[in-house]
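Please read the structure below before turning to the comments.
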2 protein chains.
Amino acid sequence: MKEKLTSSLEDYLEVICNYIDKNKIVRAIDISKELNVSRASVTEALKKLANKKLLIYDRYGSIIMTEEGFKEARNVVARHTTLQKFFEEIIGLDKTEASQNACRIEHVISEQAFNKIVEFVEKYLQDNK
Amino acid sequence: MKEKLTSSLEDYLEVICNYIDKNKIVRAIDISKELNVSRASVTEALKKLANKKLLIYDRYGSIIMTEEGFKEARNVVARHTTLQKFFEEIIGLDKTEASQNACRIEHVISEQAFNKIVEFVEKYLQDNK
DNA sequence: GAAAATTGTAAGGTATGCCTAACATTTTGT
DNA sequence: ACAAAATGTTAGGCATACCTTACAATTTTC
């Protein structure tokens, strides 16, 4: 029975995943800068994510995402991407504003609503191109 | 300098406002049932809202919203209404699902994004009727 | 007009998520 | 290689937002 991640943990996971995709590795300090939290807070979050088997790490060791972790993270990233597209290309917000809203909404939108928005965005952009 | 309300306090305010509109009065227990929290939690929230001058009440007394409180509450309700309309009439979710998503997103959407969505919803429904 | 039921509050507890300060470990630079 | 700098961790604190339990006040009912 896997329980839903908190918004906060989803944020950490998302950043870690994006970082690994770009740079192969992530350090706590990268995450801390990206999310504007203290290094201590990152340590806490890493412990929680490790407990949930979404990543593996030892004290002072490097951060490795598990398959399950990637799965969860890609899920969040997908929500973000679609929402950002919606706000930018359909609603007409600038990139920054679109991203900020996507960041917050990605944690609270239901799966059903997300799926429908994916459809809507695709159809809308098709019809209006 | 008025600081942003937490999602939680916005929820309380919204329920209180809706209740007063419908029934003239609200009791702590109504709020508690509506939000699925304990009566004790309602007391806490009422204290916080009273501290912020959004409502007035005394121990065991009735709950009266201030003008400022109504203003804030109407604001939240407006966000909810528009988002619900969007999810129901444009995205095609059923009423319940639309409402649940509106409930969560209303607390995190930016003012700018909200305004643009209002425009979008109006224009879209106009063009597609 | 009490006793019973309902409603409201206070006290004390839990979990999350953040912080700072101090200390541990690792990495860098010479 | 080793001192200095950077990074990571721990410990202890704070705020929010819940909870339960016990008690206080009010309302209902007979």
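Just so it is clear, the model here is predicted, and its values are computed rather than measured. In what follows, chains carry the letters A, B, and so on, assigned in the order in which the sequence lines appear, proteins first and then strands, with residues in each chain numbered from 1.
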(request) Mind running side-chain hydrogen bond (donor to acceptor under 3.5 Å, both in side chains) on B:Ser99 and B:Thr96 for me, showing each step along the way? (result) CA-CA 5 Å; B:Ser99 177; B:Thr96 310; over 6 Å; no
(message) Please report the distance, rounded to the nearest Å, between CG in A:Leu9 and C1' in C:dC18.
(response) 13 Å
(request) Describe the nucleic acid contact of A:Asn36 in one word from base, sugar-phosphate, nothing, applying a heavy-atom distance below 4.0 Å. (result) sugar-phosphate
(request) For B:Asn51 and D:dT16, give me the distance from atom CG to atom C1', rounded to whole Å. (result) 14 Å
(request) Please state how far atom NZ in A:Lys4 lies from atom P in C:dT16, giving the value in whole angstrom units. (result) 14 Å
(request) Take atom CD1 of A:Ile25 and atom C1' of D:dG8, then tell me their distance rounded to the nearest Å. (result) 14 Å
(request) Please report, rounded to the nearest Å, how far the P atom of D:dC18 is from the CG atom of B:Leu46. (result) 12 Å
(request) Assign each of A:Ser41 and B:Val42 to its nearest nucleotide of DNA chain C by heavy atoms, then name whichever residue's nucleotide is nearer the 5' end. (result) B:Val42
(request) Would you mind checking if A:Glu88 and A:Lys95 are paired as a salt bridge, meaning a charged N to carboxylate O distance below 4.0 Å? (result) yes
(request) Answer yes or no on whether B:Lys123 is positioned over the face of B:Phe120, meaning its NZ or CZ is under 6.0 Å from the six-membered ring centre and within 45° of the axis. (result) no
(message) Of the options C:dT20, C:dT26, D:dT26, whose atoms approach the side-chain atoms of A:Tyr60 most closely?
(response) C:dT26
(request) To the nearest Å, give me how far apart CD1 (B:Ile29) and P (C:dA5) are. (result) 15 Å
(message) At less than 4.0 Å, is any side-chain N or O atom of B:Lys48 found next to OP1 or OP2 of D:dA17? Yes or no.
(response) yes
(request) For C:dT9, take OP1 and OP2 only and decide whether either is under 4.0 Å from a side-chain N or O of B:Lys47. (result) no
(request) Among C:dC19, D:dG8, C:dG17, find the nucleotide with the atom closest to the side chain of A:Thr6. (result) C:dG17
(request) Establish, with yes or no, whether the OP1 or OP2 oxygen of C:dC19 is under 4.0 angstrom from a side-chain nitrogen or oxygen of A:Ser38. (result) yes
(request) Name the closest nucleotide to the B:Glu44 side chain, picking from C:dA24, C:dT7, D:dC19. (result) D:dC19
(message) Just N and O in the side chain of B:Thr43: are any of them under 4.0 Å from OP1 or OP2 of C:dT9?
(response) yes
(request) Give a yes or no on whether a salt bridge exists between A:Asp30 and A:Arg39, defined as a side-chain N under 4.0 angstrom from a carboxylate O. (result) no
(request) Say whether A:Val118 and B:Ile117 are linked into one hydrophobic cluster, either directly or through other cluster members, by side-chain heavy-atom distances under 4.5 angstrom. (result) yes
(message) Strictly below 4.0 Å: does B:Ser8 bring a side-chain N or O up to OP1 or OP2 of D:dT16?
(response) no
(message) Tell me the interatomic distance from B:Ile31, atom CD1, to D:dA17, atom C1', rounded to whole angstroms.
(response) 16 Å
(request) Calculate the interatomic distance between B:Glu10 atom CD and D:dT16 atom P; express it in whole Å. (result) 15 Å
(request) Check whether the side chains of B:Glu97 and A:Ser110 place a donor and an acceptor atom closer than 3.5 Å, and report yes or no. (result) yes
(message) Does D:dC18 have OP1 or OP2 under 4.0 Å away from a side-chain N or O of B:Tyr12?
(response) yes
(message) Under 3.5 Å, is there any donor-acceptor pair linking the side chain of A:Arg39 to the base of D:dG8?
(response) yes
(request) With the side chain of B:Ala40 defined as its heavy atoms from C-beta on, choose the nearest nucleotide among D:dC18, C:dT7, C:dA11. (result) C:dA11
